[in-house]
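Note on naming: letters A, B, ... go to the chains in the order of the sequence lines (proteins, then strands), and numbering restarts at 1 for each one.
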2 protein chains.
Amino acid sequence: MSLKYAVLASLLEGEASGYELSKVFDVSFANFWPATPQQLYRELERLAQDGLVEARFVQQERRPNKRMFTLTPAGREDLRAFAVEPPRRPTAVRDELLIKLQAMEDPEAAHALVEERMTWARGKLDRYERVRDRLLDGRTEDEYLRESDRVGPYLTLLRGISFEEENLRWCERVLGVLKHRAAWG
Amino acid sequence: MSLKYAVLASLLEGEASGYELSKVFDVSFANFWPATPQQLYRELERLAQDGLVEARFVQQERRPNKRMFTLTPAGREDLRAFAVEPPRRPTAVRDELLIKLQAMEDPEAAHALVEERMTWARGKLDRYERVRDRLLDGRTEDEYLRESDRVGPYLTLLRGISFEEENLRWCERVLGVLKHRAAWG
DNA sequence: TGGGTCATGTAACACGTTACATGATTTC
DNA sequence: GAAATCATGTAACGTGTTACATGACCCA
C-alpha cells in the first residue's frame with residue numbers, strides 16, 4: 001500500500017523509467033522506503049492499469065527500449081489525499097545488528113561488528129553530503145528553503161543524515177560500555 | 001531468515017509461550033525486529049521441527065492450553081554462530097510519514113503530522129524509561145553493567161531510546177523549517 | 001453486558017527477495 | 001577480456017499482513 005505512494009511521490013520529480021526509479025529507491029528513498037527493481041516494475045504495472053501513471057514507450061537504438069512513466073492528474077490527486085492522512089503504520093526499523101548484539105556473548109566479536117557499522121555509517125553520511133550539495137546547488141540552506149517550492153526532499157534527506165549521525169553516537173556508546181566491561185572482566 | 005534468530009534470541013531470556021513472545025515482539029524487540037503473533041507461531045513451528053527449540057505442552061484449567069518453548073543446545077549454538085557473523089542486510093527503515101512529507105504540498109497538514117509524530121515519540125520514550133527502570137532494578141547503570149552477564153538487552157534498549165530522541169530533534173528541525181517558510185510565504 | 005486478557009490457530013492475500021535471462025554498449 | 005551499465009522482465013519462493021474463529025475468564 002505504501003510502496004504505491006512512494007512510487008507516486010518519486011514521480012513528482014518528473015518522468016522516469018523503471019530503471020531510473022530503481023536507482024532512486026536504492027539511494028535517496030532507500031532511507032525511508034527501500035524497494036527492489038522487481039517490486040517497482042510490478043507496482044508501475046499496477047499503477048498504469050489503475051490510471052495513476054501513464055506509460056510512454058521510447059524506442060532506442062543502442063539501448064534496450066524503455067517505458068517512461070509520468071503521474072496522471074488522478075495519480076497526483078490520490079497522492080495528495082494520502083499525504084495529508086495520518087500514517088496508519090508506525091515506523092518500522094529492521095536492524096540485524098541489533099539481533100546479534102541482543103544475543104551476543106563474545107565482546108570481541110561485538111566490538112568488530114560495531115566498528116564495521118561505524119565505517120558503513122560514515123560512508124553513508126559522505127554520500128548524503130554529496131546529495132545535499134547537489135540539492136543546494138551552491139546556495140545556502142536558507143536560500144534553498146526560500147527558493148524551492150517543495151521542501152519535502154530536503155526534509156527527508158535531513159532525516160537520513162540525522163539517523164546515521166545518531167547511529168554513530170550510539171555505536172560510540174556501545175564501544176564505551178564494552179571497554180568498561182573489558183576493564184573489569 | 002532473521003526472524004528465526006530474533007526468536008531464538010528472545011528465548012535466551014528463558015522459556016516462553018508464543019503468546020508471551022508476541023508481547024516481547026510488540027514492545028522491546030519491536031524496535032529492531034517487529035513481528036506479528038502469526039509470524040511467531042509459524043516460526044516457532046519451524047524451529048521446533050528443526051530441533052532448535054523444544055516445545056512443552058502445558059495443560060491449563062481456566063485458560064487455553066499452551067505450549068512453552070525453550071532453546072535446545074542446537075538452537076543456542078546456531079544463534080551463537082549467527083551473532084558473530086557480519087550482517088548481510090543493511091538496516092532498513094520504513095517510515096510512512098517520510099513518504100507523506102516527501103510529497104507534501106500543504107504546510108499546515110505537514111505541521112499537524114509532525115506534531116502527531118512528536119506526541120507519539122514522547123510516549124514511546126516514556127515506555128522505554130519504564131523498561132529501563134525494570135532492567136536496572138534500582139541499580140545505577142554502572143552497577144547494572146558490572147553485575148549482569150548479558151549486556152545485549154541494555155544496548156538494544158539504548159538504541160531504541162536514541163532513535164526516538166533523534167526523531168524528536170528532527171521533528172523540531174522540520175517545524176522550524178516550516179515556520180521559516182510560513183514567515184516568508 | 002461489553003471489552004480486555006489469555007492462548008492458539010487457519011486462510012487468503014500482499015509484499016519483498018533471489019535467481020535468472022536477454023543483449024548491446026561502455027569502461028577498465 | 002571482464003565487468004559494469006542500460007533496461008526490462010519472468011518465476012519461484014519466503015516473509016509479513018489482515019481478518020477471522022474459538023472460548024473461558026476478569027473487570028468495571
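Taking the ring centre of B/Tyr144 as origin, the terminal cationic atom of A/Arg181 falls outside the region bounded by 6.0 Å and 45° from the ring axis.
Under 3.5 Å, the side chains of B/Thr156 and A/Gln102 contain a donor-acceptor pair of N or O atoms. A donor-acceptor pair shorter than 3.5 Å can be found between the side chains of B/Ser162 and B/Arg159.
Taking the side chain as every heavy atom from C-beta outward, A/Asn31 and A/Lys124 approach each other to under 4.5 Å. Looking at heavy atoms from C-beta onward, A/His111 lies in side-chain contact with A/Glu115 at the 4.5 angstrom threshold.
Less than 4.0 Å separates DNA chain D from no heavy atom of any residue of residues 12-32 of chain B.
Linking Ile, Leu, Val, Met, Phe, Trp and Tyr whenever their side-chain heavy atoms come within less than 4.5 Å puts A/Phe69 and A/Leu8 in one cluster.
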Give me the distances for all protein-to-nucleotides 15-19 of chain C N/O pairs that come in under 3.5 Å?
residue : atom : partner : partner atom : Å
C/dC15  : OP1  : A/Met1  : N            : 2.3
C/dC15  : OP2  : A/Arg46 : NH1          : 3.1
C/dG16  : OP1  : B/Arg94 : NH1          : 3.3
C/dG16  : OP2  : A/Gln39 : NE2          : 2.5
C/dG16  : O5'  : A/Gln39 : NE2          : 2.9
C/dG16  : N7   : A/Arg42 : NH2          : 2.4
C/dG16  : O6   : A/Arg42 : NH1          : 3.2
C/dT17  : OP2  : A/Gln39 : OE1          : 3.3
C/dT18  : OP1  : B/Arg89 : NH1          : 2.7

Output a table of nitrogen or oxygen pairs between the protein and nucleotides 2-4 of chain C separated by less than 3.5 Å.
none

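Regarding A/Leu47, its CG atom lies at a distance of 15 Å from the P atom of C/dA14, rounded to whole Å. Distance B/Asn65 CG to D/dG23 P: 14 Å, rounded to the nearest Å. Here the C1' atom of nucleotide D/dG9 and the CG atom of A/Leu40 are 13 Å apart, to the nearest Å. Between the NZ atom of B/Lys4 and the P atom of D/dT15 there is a distance of 10 Å, rounded to whole Å. Between the C1' atom of D/dA7 and the CZ atom of A/Phe69 lies a distance of 11 Å, rounded to the nearest Å. If you take CE of A/Met68 and C1' of D/dC6, they are 13 Å apart, rounded to a whole angstrom. Here the P atom of nucleotide C/dA14 and the CG atom of A/Asp50 are 12 Å apart, to the nearest Å. At whole-Å resolution of the value, CD in B/Glu45 and P in C/dG9 are 6 Å apart.
Every residue two or more places apart in sequence or in another chain that forms a side chain to side chain donor-acceptor pair (under 3.5 Å) with A/Glu15 is listed here: A/Arg56. Qualifying side-chain contact (heavy atoms from CB on, under 4.5 Å) partners for A/Arg80, counting only residues two or more places apart in sequence or in other chains: A/Glu77, B/Glu105.
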For residues 19-29 of chain B, which side-chain donor-acceptor pairs fall under 3.5 Å, sequence neighbours excluded?
residue : atom : partner : partner atom : Å
B/Glu20 : OE1  : B/Ser17 : N            : 2.9
B/Ser22 : OG   : B/Tyr19 : O            : 2.6

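Between B/Arg169 and B/Glu166 a salt bridge is recorded (basic side-chain N to carboxylate O distance below 4.0 Å). Ionic pairing of B/Arg132 and B/Glu129 is present here: one or more N-O contacts between side-chain nitrogen and carboxylate oxygen are shorter than 4.0 angstrom.
Contact annotation: B/Tyr41 side-chain N/O to C/dG9 OP1/OP2 distance is not under 4.0 Å.
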